Amino acid sequence: MRVTRLTVSGLRRFDNVSVSPTAGLNLITGDNGAGKTSLLEALHLMAYGRSFRGRVRDGLVRTGVEAVEVFVEWEEQALSRLRKAGLRHSGQAWTGRLDGESVAQLGELCAALAVVSFEPGSHALVTGGGEPRRRFVDWGLFHVEQDFLPLWRRYARALKQRNALLKSGAGGSQLDAWDHELAEAGEPLTRRRLQYLEQLQPGLSQTAAELVPSLGRASLDFQPGWRRHELSLADALLLARDRDRSAGYTSVGPHRADWRVDYAAAPHRETLSRGQAKLTALSCLLAQAQDYAGRRGEWPVIALDDLASELDRNHQRRVLERLLGSGAQIFVTGTETPAALQEMDVQPTWFHVEHGAVRLQN
């Protein structure tokens, strides 16, 4: 997958900019606060419906304009086709188009362009709450299994209805119906998540062995959101009903699922250092990108924000060599060329960001 054109307007410092990246390595430099990260945010917004820094309404829209607008044109090399997508987002409402047609669901737009981002907040994938880890798994499934998105929506709708009934104190017959719907959607959704993590396991073990060898073999441990080995989801919902009525929300189910990375050399789940957590998150993201490539026949776009401050020279080199060998399109940002890249026999396409403008450097 290769982005051939990215146009952005109304995003943070940018009034209107357009870049035409190369198929290989694209380096984006600029002073702190110049806006180099904003280009990666634009790609991330198209692929996820939000910035990796948070929601659109939390400062993404340029002061004085109504909405941020992003247009992306890219090639799907495995299918030999050119695709186009546009998104206008005010922080409150959005409109989008994909290949010339309006889209009704933001998920349809996000499922089209695959971008894997590693940025200063990525360690939250390991150290944060369960939500980013659920999003990680679901993102992978959205892109490799076409029928997962309808299943996910079915579960989300049933959960919303059940929670509304719990808050209103509605009777058992209504709850029975939505319990059944939750179980019908939640059981297969959970099986997909478990299978996906099992699929990631070999790639994660290999990547973590290269990036954090001192911690020993890495393994993924999945927690489905209820005592699945003892109870069906339908039984778990029934047993939790009185408690859920008191609390006003559903306390068991796939929306409470989580997973973690365990290491052989970190017994009793010792707390990882920030550096180890960062490299563990990167290992997960690279394993996900590799799994995508294996299933779809091409790598997703890889975005590495502020690489030099996130990784030391040795790890920079390992990551870049792996990605360059894969044939993936790569975006790297930094205040200057990363140290490892200066030592490598690679000539990136170099963009420099200054005063709200992006210039191609010779």
Side-chain angles (χ1 to χ4, degrees), residues 125-142 144-145 147-163 165-166 172 175-206 208 215-272 277 280-281 283-284 287-288 291 295:
L125 183 63
V126 176
T127 61
E131 184 181 356
R133 288 187 287 277
R134 287 189 292 273
R135 285 203 306 263
F136 171 88
V137 173
D138 292 344
W139 181 92
L141 287 164
F142 287 155
V144 300
E145 295 191 12
D147 61 343
F148 181 77
L149 183 55
L151 183 65
W152 184 90
R153 285 180 178 152
R154 180 184 175 188
Y155 182 84
R157 175 175 175 269
L159 179 63
K160 182 178 179 180
Q161 293 294 331
R162 188 179 193 268
N163 283 341
L165 288 173
L166 290 170
L175 283 172
D176 286 342
W178 287 112
D179 280 7
H180 176 77
E181 181 68 5
L182 267 182
E184 286 290 301
E187 289 278 9
L189 186 151
T190 297
R191 287 195 295 272
R192 303 289 182 84
R193 285 174 169 174
L194 176 59
Q195 291 165 3
Y196 181 73
L197 289 172
E198 289 174 343
Q199 181 88 11
L200 286 188
Q201 178 64 66
L204 172 65
S205 296
Q206 178 187 16
L215 293 177
R217 185 178 184 274
S219 59
L220 290 164
D221 180 31
F222 178 56
Q223 297 123 36
W226 80 97
R227 300 194 308 273
R228 185 169 176 257
H229 61 288
E230 300 175 9
L231 298 167
S232 67
L233 180 53
D235 288 341
L237 288 166
L238 184 60
L239 287 174
R241 182 175 294 185
D242 289 342
R243 180 181 64 211
D244 290 353
R245 274 177 166 157
S246 297
Y249 62 86
T250 304
S251 62
V252 295
H255 61 288
R256 308 280 289 182
D258 204 349
W259 56 271
R260 64 171 178 260
V261 179
D262 289 332
Y263 285 103
H268 310 300
R269 304 189 186 100
E270 293 176 357
T271 302
L272 300 179
T280 299
S283 298
C284 292
Q288 183 171 69
D291 177 79
R295 299 202 203 192

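Every value quoted in this text rests on a predicted model; they were computed, and no experiment measured them.
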request  = Take L189 and F148, measure what side chain to side chain contact (heavy atoms under 4.5 Å, CB included) needs, and give me the verdict at the end.
outcome  = CA-CA 8 Å; L189 186 151; F148 181 77; 4.0 Å; yes
query = Got a second to check how far F136's CZ is from E131's CD, nearest 0.5 Å?
reply = 15.0 Å
message = Once you measure the plane-to-plane angle for F142 and W152, does it fall in the parallel (<30°), tilted (30-60°) or perpendicular (>60°) bin?
response = perpendicular
Contacts of type side-chain hydrogen bond (donor to acceptor under 3.5 Å, both in side chains), residue R227, not counting sequence neighbours = E230
inquiry  = I'd like to know if the side chain of D244 pairs up with that of T250 as donor and acceptor (distance under 3.5 Å, no hydrogens or angles considered).
reply    = no
query = Closest heavy-atom contact between L233 and G186?
reply = CD2-CA, 3.8 Å
request  = For residues Q223 and D221, report the shortest heavy-atom separation together with the two atoms involved.
outcome  = NE2-OD2, 3.4 Å
inquiry  = Could you walk me through whether T190 and R228 satisfy the side chain to side chain donor-acceptor pair (under 3.5 Å) test, starting with their C-alpha distance in whole Å, then the side-chain angles of each, then the deciding distance to 0.1 Å, before giving a yes or no?
reply    = CA-CA 10 Å; T190 297; R228 185 169 176 257; 5.4 Å; no
query = Taking all non-hydrogen atoms of both residues, which atom of D179 and which atom of L237 are closest, and how far apart?
reply = O-CD1, 3.7 Å
task = Show the numbers, then the answer: is there a side chain to side chain contact (heavy atoms under 4.5 Å, CB included) between L272 and L215?
result = CA-CA 10 Å; L272 300 179; L215 293 177; 4.0 Å; yes
task = Find out whether L141 and Q195 are in side-chain contact, i.e. whether some heavy atom of one side chain is under 4.5 Å from a heavy atom of the other.
result = no
task = Give a yes or no on whether the backbone of G129 and the side-chain of R133 come within a donor-acceptor separation of less than 3.5 Å.
result = yes
query = Is a salt bridge present between R134 and D138, judged by a nitrogen-to-oxygen distance below 4.0 Å?
reply = no
inquiry  = Strictly distance-based, threshold 3.5 Å: is any side-chain N or O of R192 a donor or acceptor partner for the main-chain N or O of L151?
reply    = no
message = Looking at R193 and P224, would you say the former's side chain and the latter's main chain have a donor-acceptor pair under 3.5 Å?
response = no
query = Are any non-hydrogen side-chain atoms of S232 and W226 less than 4.5 angstrom apart?
reply = no
remark   = In H255, Q161, E187, R162, the residue satisfying side-chain contact (heavy atoms from CB on, under 4.5 Å) with L182 is R162
note = Taking every heavy atom of A287 against every heavy atom of G203, the minimum-distance pair comes out as CB-C, 3.8 Å
inquiry  = Evaluate T280 against Y263 for side chain to side chain contact (heavy atoms under 4.5 Å, CB included), listing each step before the verdict.
reply    = CA-CA 10 Å; T280 299; Y263 285 103; 2.7 Å; yes
message = Looking at every heavy atom in both Y155 and P254, which two are closest together, and how far apart are they?
response = OH-CD, 3.0 Å
ask   = Can you name the closest pair of heavy atoms from Y196 and G140 and give their distance?
value = OH-CA, 3.4 Å
message = Tell me if a side-chain donor or acceptor on W259 pairs with a main-chain N or O of L220 at a distance below 3.5 Å.
response = no
query = If you measure from CG on L175 to CG on L166, what distance do you get to the nearest 0.5 Å?
reply = 5.5 Å
inquiry  = Let me confirm one number: the CG-OG distance from L200 to S283, rounded to the nearest 0.5 Å.
reply    = 12.0 Å
query = Hey, what do you get for CG (L204) to CD (Q288), rounding to the nearest 0.5 Å?
reply = 11.0 Å
message = Does anything in residues 151-161 form a salt bridge (charged side-chain N to carboxylate O under 4.0 Å, His left out)? List the pairs, not counting sequence neighbours.
response = R154-E181
request  = For R260 and D262, run salt bridge (Lys or Arg N to Asp or Glu O under 4.0 Å): C-alpha distance rounded to whole Å, both residues' side-chain angles, the deciding distance at 0.1 Å, then the answer.
outcome  = CA-CA 6 Å; R260 64 171 178 260; D262 289 332; 3.2 Å; yes
